[in-house]
Amino acid sequence: MLVVFLGPPGAGKGTQAARLSTKYGLPKVSTGDMLREAVAAGNELGERVGAIMEAGELVPDDTMAAVVEQRLARPDCEGGAILDGYPRTVRQAELLEGIATRTSLGGVDLVLLLSVPEQELVRRLSGRRVCAECGANYHVEFNPPAREGVCDRCGGELRQRGDDTEDAIRERLRVYREQTGALAGHYRAGDTLHEVDGRGDIDDVFRRVDAVVSGAVRA
Ligand code: AMP
């Protein structure tokens, strides 16, 4: 089963994709995480995308298609995957159809659109902190760690993402409205889209997400 999470930055795609991944045993494929790893490793891909990410812009579609195809071709994705942060443009959605065919995944089975009002997104993103060691997510107000600045899970240092600054957040939301917003229409036409209210408690949102996924698994 190939599941796609859509929604603006800060909607909770990564958090909900991680929960689904645990419950259904499908790998979570996050393009943002893969790119951040490339930047941290300082490899050729990282060199190309670092400045683009820092500014809150989108990495070119052909670069992303190569990254995603390589990942989905790995054996752990044979039974499907949960995509977090891909596709982000209509062109990427078209390229994903080719990738899914070539990797024998068939096609996108389910698209979950997490909707959250914009002023809530800004609050979530500006307070977000991420563990530099294990990648766990926190929020200074809504989901604080037991000790300020320290990861509960591994003791790693909590940092603010380079693109969670006010200017980059504003740019990412603008890019979302202009380029990714149209994707909902693309998938709505194909009947795979389900809109889920992304407001409120993480557990409540997961219950809503899982109701859609378990319904699709049973069907
Ligand atoms: P995310 O962690 O999903 O918010 O992604 C962080 C940043 O990585 C984005 O602001 C983009 O610069 C880049 N990125 C991640 N996924 C994609 C994608 N599918 N297409 C283009 N750029 C991407």
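Order of appearance sets the numbers: ligands from 1, and atoms from 1 within every ligand.
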Tyr138 vs Asp152 side-chain heavy atoms within contact, under 4.5 Å | yes
Sidechain N-carboxylate O distance under 4.0 Å for Asp164, Arg172 = yes
Nearest-0.5 Å distance, CG of residue Leu112 to CG of residue Leu114 | 7.0 Å
Is Arg170 salt-bridged to Asp167, going by a charged N under 4.0 Å from an acidic O?
-> yes
Counting heavy atoms only, which part of Arg161 comes closer than 4.0 Å to ligand 1: side chain, backbone, both or neither?
-> side chain
Residue, atom name and distance, where the atom is the protein heavy atom closest to atom 19 (N) of ligand 1 | Gly85 O, 2.9 Å
closest protein heavy atom to atom 14 (N) of ligand 1 is Leu35 CD1, 3.5 Å
Val68 side chain reached by Thr31 side chain, heavy atoms, under 4.5 Å = yes
Quick note on ligand 1: atoms under 4.0 Å from a heavy atom of Thr31 include exactly 15 (C), 16 (N), 17 (C), 19 (N)
Check Val29 against Ala81 and note the closest heavy-atom contact, atom names and distance.
-> CG2-CB, 4.1 Å
Could you list which atoms of ligand 1 come closer than 4.0 Å to a heavy atom of Asp163?
-> 6 (C)
Salt-bridge criterion met for Arg91 and Asp61 (N-O under 4.0 Å) | no
Determine whether any heavy atom of Lys13 lies closer than 4.0 Å to an atom of ligand 1.
-> no
Among all protein heavy atoms, pick the one closest to atom 1 (P) of ligand 1 and tell me residue, atom and distance.
-> Arg88 NH2, 3.5 Å
Less than 4.0 Å between a side-chain N and a carboxylate O, is that true for Arg71 and Glu69?
-> no
Have a look at ligand 1 and work out which part of Gln92, if any, has a heavy atom under 4.0 Å from it: side chain, backbone, both or neither.
-> side chain
At a non-hydrogen distance cut-off of under 4.0 Å, which region of Asp33 contacts ligand 1 (side chain, backbone, both, or neither)?
-> neither
Part of Leu58 within contact of ligand 1 (heavy atoms, under 4.0 Å) | both
When you measure from atom 22 (N) of ligand 1 to every protein heavy atom, which one gives the shortest distance, and what is it?
-> Val59 N, 3.1 Å
Charged N-O contact under 4.0 Å between Arg177 and Glu118 | yes
With atom 2 (O) of ligand 1 as the reference point, say which of Met53, Arg36, Arg91 has the nearest heavy atom.
-> Arg36
Hey, looking at atom 12 (O) of ligand 1, which of Glu57, Gln179, Arg172 has the closest heavy atom?
-> Glu57
